Visitor: 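Please read through the structure below; I'll follow up with questions.
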Number of protein chains: 2
Amino acid sequence: MARNSTADRAIDVLLLFESVGPVLGAPEVSERLRMSRSTTYRYLQSLRSYDLLEEAEDGRGFRLGPRVLRLAKAVRQGLGVPEVALPIMRELMLETDETVLLTRRSGANVVCVERVSSQHPIRLSYERGHIVPVHAGASAKVLLAYADPSEVDELLKNPLPRLTKHSVTEPAKLRRQLEQIRREGFAVSHGEADANVTGIAAPIRDGADRVVAALSIAGVDFRIVDEAIPRLTACVVRAAQQISDRLADGHE
Amino acid sequence: MARNSTADRAIDVLLLFESVGPVLGAPEVSERLRMSRSTTYRYLQSLRSYDLLEEAEDGRGFRLGPRVLRLAKAVRQGLGVPEVALPIMRELMLETDETVLLTRRSGANVVCVERVSSQHPIRLSYERGHIVPVHAGASAKVLLAYADPSEVDELLKNPLPRLTKHSVTEPAKLRRQLEQIRREGFAVSHGEADANVTGIAAPIRDGADRVVAALSIAGVDFRIVDEAIPRLTACVVRAAQQISDRLADGHE
DNA sequence: CGCATTGTCCCATTTTATGAGACTGCGGGG
DNA sequence: CCCCGCAGTCTCATAAAATGGGACAATGCG
C-alpha cells in the first residue's frame, strides 16, 4: 500500500499515548520509535500545536489533549448509525433493563460507539471507546461472523488471547460458533470478554445489507438468567432489525 | 516554532473532518488543502490504515474512524482530573439536580471533558467534546479569568462572536467580568452561550494552585431562578474546592 | 455510448525530514 | 556549593522523503 512514512510516524507518536500509556516523556517516545531526540521533539511540537497533545503539569512528558475529545465528538456525526440507533437503543434499554451497546469493528478489536446505560443500581457501564478483542463477547462474535472471510482467516492466524476462563481461544471452535451465529442471527456470550457478564448481540445492516455494526445488551450474569435469554434475545434481534430498516429507508 | 510540515499536513487532513464536515471526499480534501490528488490520497490512505479514517459505505469519501473513539477514551486516563472529579460531580448533581460539567480550555475554545447529566426530565445534556468559544458561558469565563494574561490579550484581539443576544462581545466589559470572577471565585452566565441556559462555574486548581479546569452546573433558566443561585453557587464552589483539595493531596 | 470524475500508480524533481552535535538550564547528589 | 546528568532546543550538512504531473483504469451519469 502506498503510504506516507512521515505522516505515519506522526500518527505512531499520537497512538503511542493510547497503546503504551497516558503520560509519556519525550525520551521514552524517542526510544520506542527509534527516533533521534530532535526528530521526536519536532513531532511532539507539531501534535502539541494542534492540541492533540498537551504537556503534563509538571512539564515532564505529554498526554493526549482536549482536541482529541472534539474529534471524537465529530466521529458520531460522520457515522450515520448512532443517530438512527439511539432512540431504539433507549427503548431496548427500558424493555430489557440492561445496558445497551452499539459496537463496530476496528481492526482486531471491537469498539463501543454508543451506549445507553441501564438505570439499575447494579449495572454495567461500558463507555464509548471501550474495546475488546474481536473474538470475545457477543458483539465481537457477531461482527466477526459477518466479516470478510479473508479477514477472519487473517485474524485467526494469531493466537487468540484468553481474557477469561470462558474465552474461546480455539480457532476451530470459534469458526463453528460463527457459523451458528450466521444461521441464527444472534450471539450469546457467557463471561467470554468479562467475567460474570452475559451479553446478547445481533447484527445491524445498512441499505446494501452489509453488516455495519452490532447491537447488544450486557448485564451481570445473575441478572440475565437462562430462562430470560429467549425473551431478551428476541428484543435485541427486533431492535437491531428496526435500526437496519431505518438505515435502509434513509440511505436508499 | 520548529515544526514538521508533513506531519502537520497529515493532522490538517484529519482535523478537516472535525471542522469542515463529517464526510469528505478526496477531491474536496485535495482542494481545501491545495494538494495534488496523488498527495491527498497518500495522506488519506495513511490515516485509513490506522483506522483514524474509514471509507463511507458507498465508497464516496471518508469519515472519522473508530480509532478516534479509542483515543478519546485514553484522554481521560491521561488527564488526572476526571477520576478525582467524577464522584464529587455526581454528588453535586444530586445536590443541585442539574447537569454537572467539567471543562478545560483548548485554544480559543472550551471543551467539555466530563459530565454528569441531571436525572430531571427537562435537562441539559452536553456531551464530552462539546465546545464553546472561550468568552461565552460561565465555565468559559472562569477558565479565561485564570488564563495567562498574554493569552487573554491575544484572544481579545479578534472580534468575539455573538452566540446569543446575551453574549458578551465587548472586550472591556468582558475584562471587567473576568476581574469580578477572580475576586469572587465563581462565574454566573445567563444565556450567554446557549439561549435560556443558566450556568454557574468555579475553578479547579491543581497542587501548584494553577487553574486546570472548571466545574460548572447548567440548567434551563426557568429552573435556575435568581433566588436559588446563591445556594447553587455555594454548592459548586464547595465541590470545586473539594476536587482541588484532592488534586493537591494526590499530586504532592 | 462517450464524457466526466474518481481512484491508482510511476517517476524525476524538489523539498523536507533527519540525526549528530553543540548549547542551555535545571535539579539531585556528593 | 559545585558538579554531573538529563531534558529540551537549535543549527546544519546530508540523506531521504514527499510531491505533483501525467498515464491509466474503473465507475457513474447523462
Side-chain angles (χ1 to χ4, degrees), chain A residues 1-17 20-63 65 78 148 206-208 210 251-252, chain B residues 1-17 20-65 78 206-208 210 251-252:
Chain A
M1 180 186 316
R3 296 203 315 181
N4 181 324
S5 64
T6 302
D8 284 358
R9 264 199 287 278
I11 302 171
D12 284 335
V13 172
L14 184 64
L15 294 184
L16 217 53
F17 288 81
V20 175
V23 179
L24 296 177
E28 186 167 2
V29 174
S30 170
E31 195 189 348
R32 288 197 179 258
L33 264 44
R34 310 267 165 92
M35 302 189 303
S36 70
R37 279 176 307 165
S38 328
T39 305
T40 304
Y41 278 108
R42 248 175 304 114
Y43 280 113
L44 291 172
Q45 297 284 14
S46 272
L47 291 165
R48 190 174 61 90
S49 74
Y50 283 95
D51 266 356
L52 290 174
L53 291 181
E54 62 179 11
E55 292 181 77
E57 283 75 23
D58 48 11
R60 299 185 184 205
F62 294 80
R63 63 175 166 226
D148 195 62
D206 68 2
R210 282 168 302 213
H251 288 279
E252 296 293 285
Chain B
M1 179 188 314
R3 296 203 314 181
N4 181 324
S5 63
T6 301
D8 284 358
R9 264 199 287 277
I11 302 171
D12 284 334
V13 172
L14 184 64
L15 295 184
L16 217 53
F17 288 82
V20 175
V23 179
L24 295 177
E28 186 167 2
V29 174
S30 171
E31 195 189 349
R32 288 197 180 259
L33 265 45
R34 310 267 164 91
M35 302 189 304
S36 70
R37 279 178 307 165
S38 329
T39 305
T40 304
Y41 279 108
R42 247 175 306 116
Y43 280 114
L44 291 172
Q45 297 284 14
S46 272
L47 291 165
R48 192 176 60 91
S49 74
Y50 283 95
D51 266 356
L52 289 174
L53 291 182
E54 63 180 10
E55 292 182 76
E57 282 76 23
D58 48 10
R60 299 186 181 206
F62 293 79
R63 62 175 166 225
L64 293 170
D206 68 2
R210 283 168 300 213
H251 288 279
E252 296 293 286

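Because the structure is predicted, anything quoted here is derived from the model rather than measured. Letters A, B, ... mirror the listed sequences (proteins, then strands); counts begin at 1.
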Visitor: Over how many whole Å does the gap from A:Phe62 atom CZ to D:dA7 atom C1' extend?
Guide: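 So the two atoms are 11 Å apart, to the nearest Å.
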
Visitor: Whole-Å distance between C:dT8 C1' and B:Leu44 CG?
Guide: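 One finds 13 Å between C1' of C:dT8 and CG of B:Leu44, rounded.
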
Visitor: Could you check A:Leu33 against A:Thr40 for side-chain contact (heavy atoms from CB on, under 4.5 Å), going step by step and ending with a plain yes or no?
Guide: CA-CA 9 Å; A:Leu33 264 44; A:Thr40 304; over 6 Å; no

Visitor: Over all heavy atoms of both residues, which pair between B:Arg37 and B:Ser30 is shortest? Give the atoms and the distance, please.
Guide: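 Heavy atoms only, the tightest pair is N-OG, 4.0 Å.
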
Visitor: Going through the distances and angles, do A:Phe62 and A:Leu52 end up as a side-chain contact (heavy atoms from CB on, under 4.5 Å)?
Guide: CA-CA 10 Å; A:Phe62 294 80; A:Leu52 290 174; over 6 Å; no

Visitor: Nearest whole Å is fine: how far is C:dT8 C1' from B:Arg48 CZ?
Guide: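 Checked: the CZ to C1' distance equals 12 Å.
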
Visitor: Mind listing the closest non-hydrogen atom pair of A:Glu55 and A:Arg63 along with its distance?
Guide: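 The answer is O-NH2, 4.2 Å.
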
Visitor: Distance check, rounded to the nearest 0.5 Å: B:Arg9 atom CZ versus B:Leu16 atom CG?
Guide: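 Answer rounded to 0.5 Å: 13.5 Å.
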
Visitor: What integer distance in Å separates A:Tyr41:OH from D:dC10:P?
Guide: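 From A:Tyr41 OH to D:dC10 P: 12 Å.
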
Visitor: Heavy atoms under 4.0 Å is the rule here; annotate nucleotides 17-26 of chain D 5' to 3' with B where the base is hit, S where only the sugar-phosphate is, and - elsewhere.
Guide: SSBBBBB---

Visitor: May I ask you to verify if any side-chain N or O of B:Gln45 is less than 4.0 angstrom from the OP1 or OP2 atom of C:dG7?
Guide: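 No, because none of the side-chain N or O atoms of B:Gln45 sits under 4.0 Å from OP1 or OP2 of C:dG7.
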
Visitor: Check the pair B:Leu14 / B:Tyr43 against side-chain contact (heavy atoms from CB on, under 4.5 Å), numbers first and verdict last.
Guide: CA-CA 9 Å; B:Leu14 184 64; B:Tyr43 280 114; over 6 Å; no

Visitor: Rounded to whole Å, how long is the line connecting atom CG of B:Asp8 with atom C1' of C:dT16?
Guide: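 So the two atoms are 12 Å apart, to the nearest Å.
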
Visitor: Rounded to the nearest 0.5 Å, how far does CG of B:Leu24 lie from CD of B:Glu31?
Guide: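 Result: 11.5 Å between the selected atoms.
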
Visitor: Over its full length, what angle do the end axes of the helix from C:dC1-D:dG30 to C:dG30-D:dC1 make, each axis taken from five pairs and the result rounded to 10 degrees?
Guide: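 Between the axes fitted at each end of the helix from C:dC1-D:dG30 to C:dG30-D:dC1 lies an angle of 40°.
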
